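Here is the structure we will look at, set down as structure tokens.
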Amino acid sequence: MSKTTEAHAQLSFFESVNRNFDRAAVHTGLPKGLLAQIKACNAVYQVRFPVKIGNEYQVIEAYRVQHSHHRLPTKGGIRYSQKVNQDEVMALASLMTYKCAIVDVPFGGAKGGVKISPRSYTPAQLQKITRRYTTELIRKNFIGPGIDVPAPDYGTGAREMGWILDTYLTFKGGEIDAAGCVTGKPVNQNGIRGRTEATGRGVFYALREALSYKDDMDKLGLTTGMEGKRIAIQGLGNVGYHTGIICQEEGGALITCVAEYEGAIFNPKGLDIKALAKHRKETGSILDFPGAKNLTGRKDVLEIDCDVLIPAALENQIRVDNAPRVKAKIIAEAANGPITAAAEEILIEKGILIIPDMYCNAGGVTVSYFEWLKNLSHMRFGRMEKRFDQNTYHNLVALVERLTGKTIDNKERALLTKGADEIDLVRSGLEETMVTSYNEIRKVYKRKKAVQDLRTAAFINALGKIGSDYLALGIFP
Ligand code: GLU
């Protein structure tokens, strides 16, 4: 290990993100003061509040960090985990700023965290904690459709977002756009179709795009296309689960290895992710899945022989101690910060292609943006044009039949005359976003000789966009 790699191994999560920032900043030509302003967390709110659990009061530690106010509202998920701390929330909030810029979601970055292990509480207790946390955010003006808009993250989901909305409405029921104060809500509570699968689907589009370039794949010794590629996934939560299913069903990939808390399993012929999730629900574990072999440690997934490794759990998973043993040719970062800055130096040296988190997992915030737009417009996507489009397509099909004298069969007719539903439009918008953004990043990567990796290219792209926002304000010379 080189001296610098050794020094970088000591960095905290936030320092690790900033180390990646610095690597890119030198290529941007932006003024020093402006770079310092972009890098800093603009507002950090740390709060402790009491909640009565059973017969005793517990003091809960929680955070909301708004990293950048260059665009408003700020945006980012809320994490429930025993490991939450200020450094982590600051790192995650800053990643949100860069993520939003990369996928052209016009928000600043933010993140929230509540230091609890959700498994230790009943749903009623979790509801109490969530409502109290939301009240604290309202009190300090840290939530609102034009201020700061939370969403799900590790340990939270649609249920918690529904509680947040309901609490917000209790205080601010008269606000016409109140439903846009949080995203990732249940569909019947002002949510949007396709939000739950969005991060996983985004990872699929990102990976499919990366795999489509012959010159890049030649360098890795891989063929193009997802069909038959061996994928290992760490974490079968919402992101890992949907990524696995979509890569399998729509991409034809083989998910050969999956890891969770309880261990890891392997099957070179591929694991059926839907059946595996069912097995875990029934038995409480992914282990002993029919046809698969149990591996000795859950971290084995990171070192397994595969084409693509998808860390979809937490940060700091690939570190200097295990990075030299990673065998994957591509790492698609579905989680935030799964590779430390020091480990990345080792992986780049090994020639591994890393699809960076701030682009790879941006599908979630992209569809959150669509949900927020839906809330502000007070109308479902597709409602105005679906029937009009259908009628136009029907007329076109009738014209083709008349001119050719042939009849189009019912299956083809249904396909050709379908008007888009909300889910079709959400998926289309997400695919467009992920494909366009990959090409923007890849262009920087190809154009700049000194840039060796997609993360630095993604940072350069993000800093250019955020920098031009600030420069337009005329604050920096
Ligand atoms: N928590 C997700 C993320 O890290 C989603 C954020 C959002 O939708 O605002 O990107």
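Remember, predicted model here, so these are calculated numbers, not experimental data. In each ligand, atom 1 is the first atom listed, and ligand 1 is the first ligand listed.
The backbone N or O of Ile304 lies less than 3.5 Å from no partner atom in the side chain of Lys327, so there is not a single donor-acceptor pair.
The residues Lys115 and Glu88 are annotated as not salt-bridged, no charged nitrogen and carboxylate oxygen being separated by less than 4.0 angstrom. Electrostatic pairing of Asp453 and Arg455 does not count as a salt bridge here, judged by no charged N lying under 4.0 Å from a carboxylate O.
Contacts of Lys99 classified as side-chain hydrogen bond (donor to acceptor under 3.5 Å, both in side chains), with partners at least two apart in sequence or in another chain: Asn336, Asn361.
Within a 6.0 Å radius of NZ in Lys83, other residues, nucleotides and ligands contribute 12 heavy atoms or fewer.
Using a 4.0 Å heavy-atom criterion, the residues that approach ligand 1 are Lys75, Gly76, Gly77, Met96, Lys99, Lys111, Ala151, Pro152, Asp153, Arg195, Asn336, Gly364, Val365, Ser368.
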Run Arg19 and Glu15 through salt bridge (Lys or Arg N to Asp or Glu O under 4.0 Å) and show every step you take. CA-CA 6 Å; Arg19 152 87 195 124; Glu15 287 167 340; over 6 Å; no

